[in-house]
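Input: a single structure, listed below in structure tokens.
Model, not experiment: these values are computed from the prediction. The basis for the numbers below is simple: all heavy atoms, side chains too, and nothing from hydrogens, waters or symmetry mates.
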Amino acid sequence: QVQLVESGGGLVQPGGSLRLSCAASAGIFSINAMGWYRQAPGKQRELVAGIGWAGNTKYADSVKGRFTISRDNAKNTLYLQMISLKPEDTAVYYCNTDPPYYAHSMRSVYWGQGTQVTVSS
């Protein structure tokens, strides 16, 4: 059974920090590249950071130098450390495989519930 459970979001002032976590089912975490995605109101969901099974990383230009993605393969857990947060980082953040996991039983891409990050003074 596919499971992606994001946590760690919240309200933070500009310049603040947050650490997001994602608990994933072993079946999809252990062999896949993983990523953090976000979707702001009225905008398309976008990949902001990705990490391969061996730890190679990639970042969207908008978050380079501020976000750090990491994974603990023993715990099937994905992390996103975010610093120097800006109001434009406000979005619902999701974790998923990279590319996103297609659930054949659902005939659609599977997404967890996400975690809300709000950057505001």
Side-chain angles (χ1 to χ4, degrees):
Q1 183 178 357
V2 176
Q3 187 175 32
L4 296 166
V5 180
E6 302 91 345
S7 62
L11 174 63
V12 63
Q13 292 187 342
S17 301
L18 281 174
R19 188 193 195 206
L20 306 183
S21 298
C22 169
S25 48
I28 62 170
F29 190 91
S30 61
I31 60 172
N32 285 292
M34 298 294 296
W36 282 99
Y37 302 76
R38 68 184 180 188
Q39 187 168 23
K43 293 189 177 181
Q44 298 269 26
R45 194 164 350 211
E46 61 173 344
L47 176 70
V48 296
I51 184 167
W53 190 90
N56 49 302
T57 59
K58 60 181 180 182
Y59 298 94
D61 288 343
S62 58
V63 307
K64 278 182 183 176
R66 300 188 298 119
F67 289 12
T68 303
I69 188 171
S70 60
R71 63 190 294 165
D72 186 331
N73 291 331
K75 296 181 179 179
N76 298 320
T77 302
L78 187 70
Y79 303 99
L80 186 68
Q81 179 68 51
M82 307 184 293
I83 65 171
S84 302
L85 283 161
K86 304 175 181 180
E88 51 263 44
D89 295 318
T90 296
V92 179
Y93 284 71
Y94 303 86
C95 70
N96 210 321
T97 57
D98 178 19
Y101 182 83
Y102 183 80
H104 291 277
S105 61
M106 299 167 55
R107 298 185 180 180
S108 66
V109 173
Y110 175 86
W111 294 99
Q113 84 287 350
T115 187
Q116 176 71 47
V117 172
T118 302
V119 185
S120 175
S121 55

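- Heavy atoms from other residues, nucleotides or ligands lying under 6.0 Å from CD of Gln44 number 12 at most.
- By the ring pair (Phe, Tyr, Trp, His ring centres under 6.0 Å) test, Tyr37 is found to be paired with Trp111, residues two or more places apart in sequence or in another chain being considered.
- The salt bridge (charged side-chain N to carboxylate O under 4.0 Å, His left out) analysis of residues 65-78, with sequence neighbours excluded, yields the pairs Arg66-Asp89.
- Grouping the Ile, Leu, Val, Met, Phe, Trp and Tyr side chains by contacts below 4.5 angstrom, directly or via other members, places Val5 apart from Tyr79.
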Can you give the donor-acceptor pairs under 3.5 Å from side chains of residues 114-121 to other protein atoms, not counting sequence neighbours?
from   : atom 1 : to     : atom 2 : distance (Å)
Thr115 : OG1    : Gly9   : N      : 3.0
Gln116 : NE2    : Ala91  : O      : 3.4
Gln116 : NE2    : Thr118 : OG1    : 3.3

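- When the side chains of ILVMFWY residues are joined at heavy-atom separations under 4.5 Å, either directly or via intervening members, Val12 and Leu20 end up in a single hydrophobic cluster.
- Note: the hydrophobic cluster containing Met34 also contains Val2 (ILVMFWY, side chain heavy atoms under 4.5 Å, direct or indirect links).
- Shown here are the side-chain contact (heavy atoms from CB on, under 4.5 Å) partners of Ser17, two or more places apart in sequence or in another chain: Gln81, Ile83.
- Once rounded to the nearest 0.5 Å, the distance linking CG of Leu78 with OG of Ser70 reads 7.0 Å.
- Within the structure, disulfide bond (SG atoms under 2.5 Å apart) pairs that include any residue of residues 34-92 do not occur (at least two apart or interchain).
- Within the structure, disulfide bond (SG atoms under 2.5 Å apart) contacts touching residues 31-92 (residues at least two apart or in different chains) do not occur.
- Evaluation of the salt bridge (charged side-chain N to carboxylate O under 4.0 Å, His left out) test over residues 100-121, restricted to residues two or more places apart or in two chains, returns none.
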Atom pairs and distances, side-chain donor-acceptor, residues 47-61, under 3.5 Å, sequence neighbours left out:
from  : atom 1 : to    : atom 2 : distance (Å)
Trp53 : NE1    : Ser30 : O      : 2.5
Lys58 : NZ     : Asp98 : OD2    : 2.9
Tyr59 : OH     : Ile69 : N      : 3.0
Asp61 : OD1    : Lys64 : NZ     : 3.2

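- Note on Met106 and Val109: separate hydrophobic clusters, where clusters join Ile, Leu, Val, Met, Phe, Trp and Tyr whose side-chain heavy atoms are under 4.5 Å apart, directly or indirectly.
- The stretch residues 42-51 participates, sequence neighbours left out, in these salt bridge (charged side-chain N to carboxylate O under 4.0 Å, His left out) pairs: Arg38-Glu46.
- To the nearest 0.5 Å, atoms CG (Leu80) and CG (Leu18) are separated by 9.5 Å.
- The ring pair (Phe, Tyr, Trp, His ring centres under 6.0 Å) check on Tyr102 picks up His104, with sequence neighbours excluded.
- For residues 5-112, the set of pairs meeting the disulfide bond (SG atoms under 2.5 Å apart) definition, not counting sequence neighbours, comprises Cys22-Cys95.
- For the atom pair CZ of Phe29 and CG of Leu4, the computed distance is 10.0 Å after rounding to the nearest 0.5 Å.
- The two residues Ile28 and Gln3 have their closest heavy-atom pair at CD1-O, 4.5 Å.
- Met82 and Val92 are assigned to two separate hydrophobic clusters, defined by single-linkage of ILVMFWY side chains at heavy-atom distances under 4.5 Å.
- The stretch residues 3-13 participates, sequence neighbours left out, in no salt bridge (charged side-chain N to carboxylate O under 4.0 Å, His left out) pair at all.
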